Amino acid sequence: MRQVFETVVARCITEGLVSGQRLAVDASLVAADANRQNSSPPSEWKHEPIDPDAVPRAVREYLATLDEAAFGAATPVQPKFTSHSDPASQWTAARKGPAFFAYSANYMIDTDNAVILDVEASRSVRQAELGAMQTMLDRTKDTFDINPERMIADTAYGTGPLLEWLVQERGIAPHIPVVDKSGRTDGTFERAYFTYDDENDLYVCPGGKELKQNRRAFTKPRPTGPHKDGILRYRARKADCDGCQLKARCCPKEPQRKVTRSVYETSRDVARKITETVDYAISCKLRKKVEMLFAHLKRILKLDRLRLRGPCGVRDEFHLAATAQNLRKLAKLIPIQSLARQVA
Ligand code: SF4
């Protein structure tokens with residue numbers, strides 16, 4: 001299935017339907033062939049050895065993918081229910097709807113003509129979907145030598161580590177909204193009010209005072225750098241805050257103000273700046289093309305519930321569906337392209 005899929009993508013590239021410059025990625029839930037009635041919560045798991053030869057194929061595949069980043073190793077969180085017939089599927093819900101067993105179809109498309117450049121099946125958890133994006137980008141570079149100028153995705157992909165990987169390691173502009181929890185609801189100054197001084201590694205507050213990571217010169221040097229959570233902490237001097245007229249709007253309940261900074265903040269700032277550009281507004285519209293492909297997949301191709309079980313079966317079904325969608329695109333666009341060439 002993979003070979004067939006790549007052959008069709010290669011033909012799309014040959015026909016000039018792909019520029020490889022603006023790619024978009026997204027994931028969509030597709031119901032697994034599994035029911036709630038035939039499942040167990042963790043409290044009912046039996047801790048008995050399983051003979052892999054005596055269980056169905058889907059269970060064997062589940063056991064074989066326990067260490068894969070796209071499946072068993074995606075998250076340490078125990079699922080609420082595990083299906084007996086397809087244990088690799090994930091008990092999940094979309095947009096606060098009813099929960100069901102599902103897999104995620106991950107698509108990466110070229111936005112020129114919405115050709116699917118890569119497809120990946122994963123467990124329906126965020127970490128697995130982010131990993132799928134990296135896998136697809138790497139594979140597209142290796143297979144078709146495509147390294148895009150920009151990557152378009154929704155907020156779910158705006159995590160620090162992924163933005164860092166895109167900006168620093170791959171040199172790709174992230175047209176992705178940043179996941180930012182620094183906003184405040186009590187009316188006090190948000191972090192955006194504080195200016196970061198890159199050269200001296202400190203923040204300057206609205207009152208013009210400096211917030212630093214370390215102030216005192218300890219006789220026994222203390223460890224510097226981020227905490228285990230990847231967050232750097234900058235503090236104002238208590239004496240500065242005590243006599244400050246802005247204290248009521250800055251840190252009314254604390255002796256001095258503290259501002260946190262992610263170790264990935266430089267890459268997050270790159271993504272933030274991009275969101276202010278006209279190109280980003282265009283990218284937001286282009287992102288809809290992946291959603292339209294998922295709508296087509298479910299409504300027209302009727303792949304709203306999988307027929308095959310286990311990671312391999314699901315991979316095959318997703319590859320077959322993506323191949324069909326690309327072939328449809330070829331049939332629709334090649335006559336137009338050929339005509340344009342003849343006219344030229
Ligand atoms: S309270 Fe402290 S941190 Fe806040 S503006 Fe005043 S001096 Fe700056």
Side-chain angles (χ1 to χ4, degrees), residues 75-77 126-127 130 150-281 283-284:
T75 173
V77 178
R126 188 51 63 192
Q127 296 92 323
L130 301 189
R150 78 174 73 160
M151 174 54 78
I152 305 166
D154 62 24
T155 322
Y157 294 83
T159 62
L162 192 63
L163 293 173
E164 179 87 353
W165 183 77
L166 283 171
V167 175
Q168 309 297 343
E169 279 189 41
R170 300 296 306 269
I172 298 170
H175 285 234
I176 304 172
V178 179
V179 176
D180 197 344
K181 294 178 182 156
S182 69
R184 292 191 164 201
T185 52
D186 58 0
T188 55
F189 294 141
E190 299 181 349
R191 193 180 52 207
Y193 283 80
F194 295 74
T195 314
Y196 183 63
D197 178 345
D198 194 16
E199 204 174 308
N200 299 306
D201 186 26
L202 56 84
Y203 274 94
V204 178
C205 72
K209 300 288 190 285
E210 293 177 348
L211 284 76
K212 294 182 179 174
Q213 287 195 71
N214 292 317
R215 291 192 174 276
R216 281 185 276 166
F218 295 102
T219 33
K220 189 178 168 194
R222 302 281 169 96
T224 53
H227 286 217
K228 278 184 210 155
D229 56 6
I231 300 292
L232 302 158
R233 289 162 173 82
Y234 297 77
R235 289 181 178 81
R237 207 190 297 268
K238 185 173 176 300
D240 289 338
C241 295
D242 281 344
C244 179
Q245 291 181 343
L246 297 170
K247 190 165 191 308
R249 286 191 61 201
C250 188
C251 51
K253 293 177 187 164
E254 299 121 37
Q256 83 247 61
R257 180 63 192 254
K258 184 179 78 181
V259 166
T260 55
R261 179 180 173 85
S262 161
V263 285
Y264 309 115
E265 208 61 34
T266 308
S267 303
R268 282 157 53 93
D269 282 343
V270 170
R272 275 195 200 98
K273 281 216 171 69
I274 289 172
T275 59
E276 295 161 12
T277 61
V278 177
D279 278 352
Y280 179 76
S283 294
C284 289

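Each ligand, and each atom within it, is numbered from 1 in the order the structure gives. Note that the structure is predicted; figures quoted are calculated from it, not measured. For the numbers below, each heavy atom of this structure counts, side chains included, while hydrogens, waters and symmetry mates do not. For the single chain, residues carry numbers from 1 onward in sequence order.
A donor-acceptor pair is defined here as one N or O able to donate and one able to accept, closer than 3.5 Å; such a pair exists between the side chain of Lys247 and the backbone of Cys251. At distances below 3.5 Å, at least one donor-acceptor pair connects side-chain atoms of Glu265 with backbone N or O atoms of Ser262.
Contacts classified as side chain to side chain donor-acceptor pair (under 3.5 Å) and involving residues 249-259 (residues at least two apart or in different chains) are not found. Among residues at least two apart or in separate chains, side chain to side chain donor-acceptor pair (under 3.5 Å) pairs with a member in residues 192-209 are Tyr196-Asp201, Asp197-Asn200, Asp201-Gln213, Asp201-Tyr234, Tyr203-Arg261.
The side chain to side chain donor-acceptor pair (under 3.5 Å) check on Arg170 picks up Asp138, Asn147, with sequence neighbours excluded.
With 3.5 Å as the limit, one finds a donor-acceptor pair spanning the side chains of Thr188 and Asp186.
The set of protein atoms (N, O or S) found at less than 2.8 Å from atom 8 (Fe) of ligand 1 reads Cys205 SG, by chain and number.
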